[in-house]
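Worth knowing before you read on, the calculation uses all heavy atoms, side chains too, and leaves out hydrogens, waters and symmetry mates. Per chain, numbering begins at 1; letters A, B, ... match sequence-line order. Just so it is clear, the model here is predicted, and its values are computed rather than measured.
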Amino acid sequence: MREREAIIYATVCRIPPGRVATYGQVARLSGLGRMARQVGQALAILPDDSEVPWHRVVNAQGEISPRAGSDGGAEALQRRRLEAEGVRFRAGGRLDLRACAWELAAEARQGRG
DNA sequence: AAACTGACTAATA
DNA sequence: CTATTAGCCAGTT
């Protein structure tokens with residue numbers, strides 16, 4: 001396990017249930033700057049049943065990022081897990097980042113806004 | 001070393 | 001909204 005991956009996993013584990021974060025956001029919060037792609041790579045080597053809530057990471061478009069060489073099983077699993085946490089998708093498989101995006105500042109506000 | 005690839009993102013038309 | 005372009009960085013061949 002490389003250090004970078006450990007940092008990324010730690011950050012992903014900080015995403016609360018029912019909320020999502022973007023790859024770039026995770027990279028930044030991990031102090032990795034523009035390494036959004038590395039976040040994806042780190043999550044890619046993760047097993048589907050990992051304790052890391054990888055399903056709470058989506059792309060900047062607010063949609064589940066398509067995997068390469070997959071039948072869509074992982075994407076379907078990700079969506080099911082998010083829906084199970086209360087994240088609701090809009091038509092087109094997209095979700096409202098404005099509603100369920102993980103905002104650190106919101107942790108203190110808790111509903112104000 | 002060079003080329004290619006990938007669970008990305010922002011800007012532009 | 002879609003499509004294209006440019007930037008990004010690490011891993012693999």
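- A straight line from CZ of A:Arg2 to C1' of C:dC9 spans 13 Å, rounded to a whole angstrom.
- To the nearest whole angstrom, the two C1' atoms, one in B:dA1 and one in C:dT13, are 13 Å apart.
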Would A:Glu83 and A:Arg79 satisfy salt bridge (charged side-chain N to carboxylate O under 4.0 Å, His left out), going step by step from the backbone distance to the final call?
CA-CA 6 Å; A:Glu83 288 177 325; A:Arg79 174 165 179 161; 3.2 Å; yes

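- A:Glu75 and A:Gln78 share no donor-acceptor pair across their side chains, judged by distance under 3.5 Å alone.
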Under 4.0 Å protein heavy-atom contacts per nucleotide of nucleotides 2-13 of chain B, with B for base, S for backbone only and - for none:
----BBBSS---

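- Contact annotation for A:Arg94: backbone-only contact, meaning every heavy-atom pair under 4.0 Å involves sugar-phosphate atoms and none involves a base.
- Rounded to whole Å, atom C1' of C:dC9 lies 14 Å from atom CD of A:Glu5.
- Side-chain atoms of A:Arg34 never come within 3.5 Å of backbone atoms of A:Leu32 as a donor-acceptor pair (strictly under, hydrogens ignored).
- Atom name C1', nucleotides C:dG7 and B:dG6: the rounded distance is 15 Å, in whole Å.
- The backbone N or O of A:Gln61 lies less than 3.5 Å from a partner atom in the side chain of A:Asn59, making a donor-acceptor pair.
- For the pairing with A:Val57, the side chain to side chain contact (heavy atoms under 4.5 Å, CB included) check across A:Ile8, A:Val12, A:Ile64 returns one residue only, A:Val12.
- Side-chain contact between A:Trp54 and A:Leu77 is present, with at least one heavy-atom pair separated by less than 4.5 Å.
- Taking the P atom of each, B:dA7 and C:dA6 are spaced 23 Å apart, rounded to whole Å.
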